2 protein chains.
Amino acid sequence: MTIGGPKVLIVEDEPSQLELLSYNLDVEGYDVYKAETGEEGLLILQEVEIDLVLLDWMLPQTSGLEICRQIKRDKTTRSIPVIMLTARGEEDDKVRGLDTGANDYIVKPYSIKELLARVRAGLRNAKGGLGVNILTYKSLTMDLRRHVVCLGDKVIHLGPLEFKLLRILIEAPARVFSRDQLLERVWSNALEVETRTVDVHIGRLRKQLNAVADADYIRTVRGFGYSLDKVA
Amino acid sequence: MTIGGPKVLIVEDEPSQLELLSYNLDVEGYDVYKAETGEEGLLILQEVEIDLVLLDWMLPQTSGLEICRQIKRDKTTRSIPVIMLTARGEEDDKVRGLDTGANDYIVKPYSIKELLARVRAGLRNAKGGLGVNILTYKSLTMDLRRHVVCLGDKVIHLGPLEFKLLRILIEAPARVFSRDQLLERVWSNALEVETRTVDVHIGRLRKQLNAVADADYIRTVRGFGYSLDKVA
DNA sequence: GGTTTTTGTAACGGTTTTATGACGGCATAG
DNA sequence: CTATGCCGTCATAAAACCGTTACAAAAACC
């Protein structure tokens, strides 16, 4: 086992898969830790300073989903990127369950090349800030790769502009953006757009979210702008 | 290590993060000092004339929060800008706990570009006066980026004018501002405003604060004006 | 104590800002 | 070519905020 490479924890109940992953990551110079159950994985997380977790969706006892939640609940492990491994048919569940805080996901069967790329991106992300594919705020999640937005277990359909708008907001939750800032970032350089148009789109976004949410996710800051900020 | 650049102290327990930060700051020409625990950091602060501190929120022994408090308690280190590094999920705690006196905060995952920008802003601030994002007085905090005011752990909603007013006051705590000074700074150049209007707004501000506070935060100086000054 | 001056505050009307429904234009898909 | 969905603007409604006034309360002065 290489010493000094980034520490990756694999949680996967199927031994053959586990071996395959382990081997490939080892070859790439990662320091690999293995677990066959979620519980085992959590134990390792407490003992070792893991840099990234590969977590199978389906696990014998506690599900990967629940394990992910626990990882994200604990302050000491929260910032560790988690990549979920999920079988093709589980995609729908995944959409619903992405509010666990996972940073990315890979659908089986995956190519090793893709997996390694995502692992690299995940590590880069933890350190730098790029490569995020899932954005979350409270129970709101945006899957950038699939262009899907969920609130809790409900899928929300947004138009392109609304999607962009929400993305800006969710990338810096609670921060207030002025209408002009939003115009600049969402509408790019379209100069011939009224400032008030932002209001309308915020309104549309709000309506869609509130149709599902238990509380308003968008805060209006009078005289300044808007922010993604769930109050209750 | 470059000699002569501004001295930045990084306190971060995760070695990979520490290295990453260190490297990037070094490249930018800063004189970097590293610590893996708060205690270590405080020691360095006493020995070296640090210009800015990057402080991780979560630290093994004493928390970053507590370290920040200690930095701000000591007269010799009080004026050094502190930027807190905090994970996404800790945001709520942060809003509540920002009465530590930190000057700014960055939410992980952050882009290096953003971090460097904030470091520059922090240094500029220390020397000039711009770039502060968090203002505090006793247990009252204003988060300018988020446009949120907290007293203890309660969020207080203020209108635009009240917000501006409080900002002027909190930027120079205990200093007394005359009604005319406040008119000039809060109402800018609006000439057609009665002097007594200030009273009313101070009153409104007071009411909102006192609804939550244990003591009056605004002191009336008869014949002169007002100041932010908690008596009891 | 009584008077004067200054400050506190409730209340009101007016203004500004934001929310929202409706409409026509435009593009794209069928 | 028609239907559908999305977008930008406008008009109007609703809400939040602001400045003033009037009177009550407090402090200062004699």
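Note that the structure is a prediction, hence the values are computed from the model and not measured. A note on names: the letters A, B, ... follow the listed sequences, proteins ahead of strands, and every chain is numbered from 1.
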query: Is the shortest side-chain N/O distance from B/W187 to OP1 or OP2 of D/dG19 below 4.0 Å?
result: yes
query: How long is the line joining CD of B/Q208 and P of C/dG8, in whole Å?
result: 16 Å
field: Matching residue for B/L166 among B/I202, B/I156, B/L158, B/L161 - test: side chain to side chain contact (heavy atoms under 4.5 Å, CB included)
entry: B/L158
field: Separation of atom CG in B/D199 from atom P in D/dT21, rounded to whole Å
entry: 13 Å
message: Given the structure, check if the side chain of A/R222 and the base of C/dT18 hold any donor-acceptor pair shorter than 3.5 Å.
response: no
task: Determine: side-chain N/O of A/H157 to OP1/OP2 of D/dC6, distance under 4.0 Å, yes or no.
output: yes
task: Compare side-chain N and O positions of A/R196 against OP1 and OP2 of C/dT18 and report whether any pair is under 4.0 Å apart.
output: yes
query: Between B/D180 and B/S178, is any side-chain donor less than 3.5 angstrom from a side-chain acceptor?
result: no
task: Please determine if a side-chain N or O atom of B/R179 lies less than 4.0 Å away from the OP1 or OP2 oxygen of C/dT7.
output: yes
query: If you look at every strand shown and take non-hydrogen atoms under 4.0 Å, does B/L161 touch a base, only sugar-phosphate, or nothing?
result: sugar-phosphate
- prompt: Counting just side-chain N and O atoms, does B/K207 come under 4.0 Å of either OP1 or OP2 of C/dG8?
  reply: no
task: Using atom CG of B/L165 as one end and atom C1' of D/dG19 as the other, report the distance to the nearest whole Å.
output: 14 Å
- prompt: If only side-chain N and O atoms of A/T197 are considered, is one of them under 4.0 Å from the OP1 or OP2 phosphate oxygen of D/dC7?
  reply: no
task: Give the rounded distance in Å between these two atoms: CG of B/L183 and C1' of D/dC18.
output: 13 Å
- prompt: Would you say C/dT6 has OP1 or OP2 under 4.0 Å from some side-chain N or O of B/Y226?
  reply: no
message: Between C1' on C/dT6 and CZ on B/R219, what's the gap in Å once rounded to a whole number?
response: 17 Å
- request: Let me know the distance between NE2 of A/H201 and C1' of D/dT9, rounded to the nearest Å.
  value: 10 Å
message: Regarding A/D216 and A/K230, does a basic nitrogen lie under 4.0 Å from an acidic carboxylate oxygen?
response: no
task: Go through C/dT7, C/dA19, D/dT9 for me and flag the one nearest to the A/V200 side chain.
output: D/dT9
message: Output the rounded distance in Å from CD1 (B/I202) to P (C/dT6).
response: 18 Å
query: Hey, is the side chain of B/R204 pairing donor to acceptor with the base of D/dG19 inside 3.5 Å?
result: yes
message: Ring-plane angle category for A/F163 and A/H147, please: parallel below 30°, perpendicular beyond 60°, tilted otherwise.
response: parallel
- request: Report yes if at least one side-chain N or O of B/T220 is closer than 4.0 Å to OP1 or OP2 of C/dG8; otherwise report no.
  value: yes
- prompt: Going by an N to O cut-off under 4.0 Å, is there a salt bridge joining B/R145 and B/D104?
  reply: yes
query: Rounding to a whole Å, what distance do you find between B/E162:CD and D/dC17:P?
result: 8 Å
